[in-house]
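Here is the structure we will look at.
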Amino acid sequence: MDDSEPGEARRKTVEGRAGTAAEAPPDAAPHRTADAPGDAVPPEPLLTNVTASRGLAQWLALHEVSLAFTSYQTGQFFLVGVRPDGALSLHQRNFVRAMGLTGDSQSLLLAGLAQIWRFENVLAPDQRANGHFDRLYVPRRGQTVADLDAHELGIDRAGRLLFITTKYSCLATDSAVHSFKPVWRPPFISRLAPEDRCHLNGLAMHEGVPRYVTSVSTSDVVDGWRDKRRDGGVVVEIETDRILAEGLSMPHSPRLHQGAVWVLDSGNGYLTRIDPSSGEAERVAFCPGFLRGLSFHDGHAVVGLSLARHDGVFAGLPLQEALEAQRTEAWCGVQIVDTSNGDIVEWLRLDGAVRELFDVRVLPGVRCPMALPTFGPELASFITIEAPDRPLAERGWHDPT
């Protein structure tokens with residue numbers, strides 16, 4: 001993004017096309033390799049105007065982090081960082097129904113319509129792609145799970161992938177043979193069926209252990225959660241099957257942070273902190289949108305916001321009443337909240353084609369990331385080689401184990 005005049009937010013228009021990047025030059029390889037060819041002929045672009053708070057780039061640089069977030073509504077994956085000149089970098093790729101997102105500075109996992117993709121950074125610390133990207137995430141594995149309505153993801157201590165399959169109302173892992181392997185189901189779900197009974201959606205991991213989930217209701221009939229959107233939401237402790245908190249409105253994105261359970265009380269519009277012993281809930285900050293996606297860094301919560309729908313599943317929620325009471329409108333984007341006082345310190349807003357986000361992650365130690373698409377000439381022509389365990393001139397088979 002170009003620097004704006006003092007006192008103004010920074011603005012940019014991006015196009016949502018398969019395999020495009022808002023800030024990346026055409027070549028996607030590290031600076032010492034040849035330029036990669038462009039993508040195939042794209043469909044008509046989806047235009048989105050992006051506005052950022054004047055201090056967002058500085059905040060990211062000061063904390064040495066980047067942001068990643070997804071939009072299942074437009075099928076897009078965004079990476080936000082800072083270029084060497086201090087300008088904000090916004091890079092995007094298209095993934096059909098991009099939803100759950102987890103990972104770190106080296107690896108990212110992203111849930112799509114029928115696959116869960118694993119991306120690996122291929123750059124060494126001293127390498128830069130296109131002169132300024134310090135991370136280049138390349139899709140290396142795609143696990144086909146079929147359309148399970150996979151929501152949030154996690155990795156356990158053994159390195160096993162965990163994910164919420166909302167369609168089957170359970171926590172699952174992947175399988176080498178089958179679409180998924182059930183790991184746990186809520187105590188109020190009597191059997192696994194492709195019926196989205198309770199709208200199980202969020203997963204809180206802590207030190208490689210799945211700890212909490214969020215559900216819109218405790219219904220045990222097909223699509224039964226829709227009648228309980230206003231106040232039927234619960235947070236469930238996995239180990240004990242205990243309902244930690246109830247009476248929430250369409251809760252999402254549970255997280256464990258600083259000894260508390262945090263959740264997005266989405267239908268009310270609040271970032272909420274819950275005492276894990278008593279279940280007592282405290283509203284920390286109101287954000288003007290339907291909340292999904294939560295990540296923490298250094299006393300700050302990074303929250304994803306979506307436009308509230310006036311019809312369908314979001315109609316009649318307390319969120320709409322709160323927006324009207326505060327004489328404001330919902331918006332789509334990311335807000336950074338000071339968890340000590342609930343202040344919104346920085347933000348990024350999207351207007352246009354992108355209206356809903358799903359997951360948000362902070363990438364610590366990453367300054368300016370980008371990613372390759374999962375198909376097309378750009379990926380096909382991008383080749384990297386891992387160094388062998390020993391010189392190939394040494395004859396004989398070497399077993400690395």
Side-chain angles (χ1 to χ4, degrees), residues 14-20 43 45-48 50 67-80 90-103 108-119 139 142-154 163-169 172 180 194 196 199-203 214-216 223 225-226 229 250-254 264 266-267 289-295 302-309 311-314 330-334 348-361 371 373-375:
V14 297
E15 296 182 357
R17 290 174 172 169
T20 62
L46 301 172
L47 298 180
T48 299
V50 181
L67 304 179
F69 59 90
T70 58
S71 170
Y72 70 94
Q73 169 244 343
T74 55
Q76 292 175 298
F77 170 44
F78 293 87
L79 292 165
V80 182
L90 179 64
H91 175 91
Q92 75 90 26
R93 292 292 183 188
N94 282 19
F95 294 90
V96 178
R97 199 171 172 78
M99 294 191 70
L101 182 65
T102 191
L108 291 175
L109 285 93
L110 185 153
L113 175 64
Q115 287 84 25
I116 297 176
W117 293 96
R118 185 181 186 96
F119 294 78
Q143 178 72 25
T144 299
V145 297
D147 184 5
L148 301 176
D149 201 9
H151 275 52
E152 292 199 333
L153 311 175
F163 60 93
I164 297 291
T165 164
T166 302
K167 179 181 287 188
Y168 282 87
S169 308
F180 72 100
D196 187 9
H199 206 67
L200 194 71
N201 55 51
L203 172 64
T214 46
S215 178
V216 172
D223 210 33
W225 61 272
R226 293 183 187 272
R229 294 174 295 113
M250 299 193 72
H252 284 77
S253 309
L264 299 179
S266 307
F290 188 86
L291 309 182
R292 275 180 301 231
L294 175 62
S295 192
V302 182
V303 181
L305 294 80
S306 298
L307 293 182
R309 301 175 188 170
D311 56 0
V313 297
F314 299 135
W331 54 277
C332 176
V334 175
L348 182 143
R349 181 168 178 166
L350 299 98
D351 293 292
V354 180
R355 298 175 55 86
E356 297 184 26
L357 304 185
F358 183 78
D359 211 352
V360 177
R361 293 287 170 174
T374 57
F375 63 92

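The structure presented is a predicted model; accordingly, all values stated were derived computationally and were not measured.
To the nearest 0.5 angstrom, Asp351 atom CG is 12.5 Å from Leu47 atom CG. Atom-to-atom distance recorded for Glu152:CD and Arg292:CZ is 11.0 Å, nearest 0.5 angstrom. A distance of 12.5 Å separates CZ in Phe78 from CG in Leu67, rounded to the nearest 0.5 Å. To the nearest 0.5 Å, atoms CG (Leu79) and CG (Leu108) are separated by 7.0 Å. Gln76 CD to Arg93 CZ: the interatomic distance, rounded to the nearest 0.5 Å, is 12.0 Å. A distance of 10.0 Å separates CZ in Phe69 from CZ in Phe77, rounded to the nearest 0.5 Å.
For the pair Asp149/Arg97, a side-chain contact is recorded, criterion being any heavy-atom separation below 4.5 Å from C-beta on. No side-chain heavy atom of Val303 sits under 4.5 Å from any side-chain heavy atom of Val360.
Across all non-hydrogen atoms, the minimal contact from Leu153 to Leu109 is CD1-O, 3.6 Å. Here the shortest heavy-atom pairing between Asp359 and Leu101 reads OD2-N, 2.9 Å. Smallest separation of non-hydrogen atoms from His252 and Met250: ND1-O, 2.9 Å. Here the closest heavy-atom approach between residue Pro373 and residue Pro139 is recorded as O-CG, 3.2 Å. Heavy atoms only, all atoms of each residue included: Thr165 and Leu148 are closest at OG1-O, 2.9 Å. Nearest heavy atom pair, residue Ser215 against residue Pro251, reads O-CG, 3.5 Å.
With sequence neighbours left out, Thr166 forms a side chain to side chain donor-acceptor pair (under 3.5 Å) with His151. With sequence neighbours excluded, the residues that form a side-chain contact (heavy atoms from CB on, under 4.5 Å) with Ala98 are Thr70, Phe95, Leu110.
With hydrogens and angles disregarded, a donor-acceptor distance shorter than 3.5 Å links the side chain of Thr214 to the backbone of Gly202. Ser266 contributes no side-chain N or O that, together with a main-chain N or O of Phe290, makes up a donor-acceptor pair within less than 3.5 Å. Gln73 places a side-chain N or O within 3.5 Å of a backbone atom of Ala353 that can act as its donor or acceptor partner. The backbone N or O of Leu357 lies less than 3.5 Å from a partner atom in the side chain of Ser306, making a donor-acceptor pair.
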* Going through the checks in order, is the side-chain contact (heavy atoms from CB on, under 4.5 Å) test met by Cys332 and Val354? -> CA-CA 8 Å; Cys332 176; Val354 180; 4.1 Å; yes
* **side-chain contact (heavy atoms from CB on, under 4.5 Å) assessment of Val302 paired with Val334** => CA-CA 7 Å; Val302 182; Val334 175; 3.4 Å; yes
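Summarising the local packing, CZ of Arg355 is surrounded by 12 or fewer heavy atoms from other residues, nucleotides or ligands at distances under 6.0 Å.
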